[in-house]
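The structure appears below as structure tokens.
Atoms considered below: every heavy atom in the structure, side chains included; atoms not considered: hydrogens, waters and symmetry mates. This is a predicted model, so every value here is computed, not measured.
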Amino acid sequence: VFTVTGPMCSWGMEIESKRQGSGKVYKNTKWLTNSSRIASALDRWCSNAGGAPVHRHVTLVGGLAKHAAAYPAELVSAVLRGLKEELQDRGEVSELEMKYAGPVPTEPTFGSKVSPEVEEAAEKFVDNISGEILPTEKVKEARREEMKWVKEIDLYTKVERKVAEDRGFKPIPVRWVDVNKGDKNKYNVRSRLVGKELKAKTKEALLAHELFSAMPPWEVVKALFSLLVSDRVPGVRREQMIGVFDISRAHFMPKADRELYVELPPEDREEGKDYVGRLNRNMYGCRDASNGWMRDWQRVVERGGYTVGEANPALFLNQKLGARGAVHGDDFFVLGNQEALEEMKSLLGAEYKMRESHRLGFAEGCERKALILNRIVELGETDGRRWVKIEPDQRHVELIVSTVGMSLKGSNGVTTPAVKQTDAQVEELRRSPPLSPSDSSRYRSAVMRASFLAQERVDLCEGVKRLAQGMANPT
């Protein structure tokens, strides 16, 4: 007897829920059969773990389990094909019977052609952040663009798999991460090829400090804008401005420090050849990629006369130019005069694929308003005094209200951020039943969005703090 398991999502089982939206059903199912052919056909795994297009799972709660009672057509066809092959292996059915038996003598009894519905379902791609279905052509175009970039920078060198195995290396699996940077009205799909290097494989090879890169708090960026609108800054005599430089695919930039091999993406495989890729550069998904990027940009700015911070290595200063700045992920924020910003632009442009997304200030040609790290930053001047205004993106408010099932039009505000509870109310809350997994996820998502808003809205801080206390076990 053969025992195999396989999730229903691998057979295209998909349902739609009002709360969770559309998605596939994981439902890992165990099969027992005395047929090796059927067992082989049913032995499958979720494509999320194999580098194939990633899909979103729907949890079978709230009466959804009944929708999984009917097996998908693809699963039924696989069982029948396995049965056909088993009967042929045992000699219980002949090729002549296979050809002429059945309701339609001119066609094989068990067709191997996949239905258009199954083919269409297999081509679906989902946003790895929102879970929404993305247009197939947009995703394919984004992946083609990414593969073009991979080859331009010589990310890896193809070698035979035996080379990696002989040297004792197991190739790292890869996967695609697809995200819509725009919205439903104007898609801006970005696809990134990422590695899936596991902690268990490298816990002895890498030290703790080699796994992380420094990140400045948002207050540092606010401090740069504060200096921009200040009347007198020590050591600065000329008009200041802030340049925002965006590095494209930052983690791909540094050279690889370790010998690593990766599985090739389906788009770069060659039929009949078993190749893997030896990494020439760092790759998203490698555990030391972020640290490698930090060390690489630090080397670049130090060559330009800047000193990297000791307390926070994400900051840098050039006393000669009177310029300073911070690196937030792959974004450089530089405060200085026009000469300093032009030098920084040349410095970064010589090493990386870079664009200056904004130059904010009060000098001629500078912007006064821009979207910075999902915040609207506006500069102004009133009665000769300069000011900066920072607002969080309004879409976060709309998403929070939508998540909790409310409407901005029919909702009323409150005058206090919280109300002191009585002992009885505290006990009642403690005994409240926990939320379902899907509702708990929605609660945590809404609280974290509110926490983001509270960085600019101090009136929200107390309320967000109270809500965050229940994030572990929402009721």
Side-chain angles (χ1 to χ4, degrees), residues 51 145-161 163-177 190-199 201-215 245-265 267-268 275-309 313-316 325-332 344-355:
E145 182 68 24
E146 181 75 356
M147 286 307 302
K148 180 181 177 182
W149 168 261
V150 163
K151 293 181 178 180
E152 284 179 358
I153 65 170
D154 192 27
L155 176 63
Y156 52 72
T157 301
K158 290 184 181 180
V159 298
E160 293 184 359
R161 184 180 298 275
V163 173
E165 293 175 348
D166 289 346
R167 294 184 60 79
F169 292 97
K170 184 177 181 180
I172 300 170
V174 299
R175 57 170 287 193
W176 284 104
V177 174
R190 301 279 184 88
S191 294
R192 290 288 180 267
L193 184 66
V194 302
K196 298 167 63 178
E197 188 175 24
L198 301 178
K199 176 181 179 180
K201 304 291 183 181
T202 57
K203 61 182 179 181
E204 296 179 356
L206 295 171
L207 300 176
H209 73 275
E210 296 177 306
L211 303 177
F212 305 98
S213 64
M215 183 72 71
F245 303 96
D246 178 22
I247 309 300
S248 178
R249 301 172 176 90
H251 286 190
F252 282 143
M253 294 297 101
K255 299 291 185 181
D257 292 330
R258 297 181 291 146
E259 183 177 355
L260 293 175
Y261 297 84
V262 296
E263 298 286 356
L264 297 181
E267 293 80 359
D268 201 23
Y275 284 152
V276 296
R278 176 170 177 168
L279 287 182
N280 301 319
R281 294 176 178 271
N282 276 350
M283 185 179 189
Y284 287 101
C286 293
R287 299 195 69 218
D288 59 345
S290 60
N291 184 264
W293 158 240
M294 181 184 72
R295 288 185 283 109
D296 196 70
W297 71 254
Q298 287 176 343
R299 171 185 59 81
V300 172
V301 298
E302 285 176 345
R303 196 174 66 237
Y306 286 84
T307 301
V308 175
L315 310 181
F316 50 87
V327 178
H328 190 282
D330 56 8
D331 292 322
F332 282 73
M344 177 60 77
K345 185 175 181 179
S346 300
L347 187 67
L348 296 176
E351 290 285 333
Y352 310 122
K353 184 178 179 182
M354 175 274 303
R355 69 183 179 92

Mind running side chain to side chain donor-acceptor pair (under 3.5 Å) on Y156 and D268 for me, showing each step along the way? CA-CA 11 Å; Y156 52 72; D268 201 23; 2.6 Å; yes
Between D296 and K255, does a salt bridge (Lys or Arg N to Asp or Glu O under 4.0 Å) hold up when you go through it step by step? CA-CA 9 Å; D296 196 70; K255 299 291 185 181; over 6 Å; no
Set out, in order, the CA-CA distance, both residues' side-chain angles and the distance that settles side chain to side chain contact (heavy atoms under 4.5 Å, CB included) for D257 and R295, then state yes or no. CA-CA 11 Å; D257 292 330; R295 288 185 283 109; 3.0 Å; yes
List the steps, then state whether side chain to side chain contact (heavy atoms under 4.5 Å, CB included) holds for R175 with V194. CA-CA 6 Å; R175 57 170 287 193; V194 302; 3.5 Å; yes
Stepwise side chain to side chain contact (heavy atoms under 4.5 Å, CB included) check, R258 with D288: CA-CA 9 Å; R258 297 181 291 146; D288 59 345; 3.0 Å; yes
Apply the test salt bridge (Lys or Arg N to Asp or Glu O under 4.0 Å) to residues D154 and R281: give CA-CA distance (whole Å), side-chain angles for both, the deciding distance (0.1 Å), then the verdict. CA-CA 8 Å; D154 192 27; R281 294 176 178 271; over 6 Å; no
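Atom CG of D246 is separated from atom CG of D331 by 5.0 Å, given to the nearest 0.5 angstrom. Distance check, rounded to the nearest 0.5 Å: CD of E165 to CD of E160 gives 10.5 Å. Atoms CG and CZ, from L260 and R287 in turn, are 12.0 Å apart once rounded to the nearest 0.5 Å. S346 contributes atom OG, which lies 7.5 Å from atom CE of M354 (distance to the nearest 0.5 angstrom). Taken from CG in D166 to CZ in R161, the straight-line distance is 12.5 Å, to the nearest 0.5 Å. The line from CG of L155 to CE of M283 is 5.5 Å long, rounded to the nearest 0.5 Å.
Listed for the Q298 side chain is no donor-acceptor partner under 3.5 Å among the backbone atoms of V308. When atom types are taken as modelled, the side chain of N291 and the backbone of S213 share no donor-acceptor pair closer than 3.5 angstrom. A donor-acceptor pair is defined here as one N or O able to donate and one able to accept, closer than 3.5 Å; no such pair exists between the side chain of K196 and the backbone of C286.
The minimum heavy-atom distance linking L315 with A326 is given by the pair CD2-CB, 3.6 Å. The two residues H251 and A289 come nearest to each other via the heavy atoms ND1-CB, 4.0 Å. Between P313 and A214, the shortest heavy-atom contact is CD-CB, 3.7 Å. Minimum interatomic distance between P254 and G292 (heavy atoms only, all atoms of both residues): CG-O, 3.5 Å. Contact between A256 and L279 at its shortest, heavy atoms only, is CB-O, 3.9 Å.
Between F252 and N282, the closest side-chain pair of non-hydrogen atoms is not below 4.5 Å. Side-chain contact check for V159 versus V276: some heavy-atom pair is nearer than 4.5 Å. For the pair P265/L193, a side-chain contact is recorded, criterion being any heavy-atom separation below 4.5 Å from C-beta on. At a threshold of 4.5 Å between non-hydrogen side-chain atoms, the residues F316 and T307 do not count as touching. A 4.5 Å side-chain heavy-atom check between R355 and S248 finds every atom pair outside the cut-off.
Residues E351 and R303 are paired through a salt bridge, judged by an N-O separation under 4.0 Å between the basic side chain and the carboxylate. A salt bridge between K151 and E146 is absent, with no side-chain N of the basic residue lying under 4.0 Å from a carboxylate O of the acidic one.
F245 has its ring centre no less than 6.0 Å from the ring centre of F332. A centroid separation of less than 6.0 Å is found between the aromatic rings of Y352 and W293.
Note on ring orientation: taking the six-membered ring where Trp is involved, the planes of F169 and Y261 are tilted (angle from 30° to 60°).
Residues E302 and W297 have side chains that never bring a donor and an acceptor to within less than 3.5 angstrom of each other.
A cation-pi arrangement is present between R249 and W149, with the terminal nitrogen or guanidinium carbon under 6.0 Å from the aromatic centre and inside a 45° cone about the axis.
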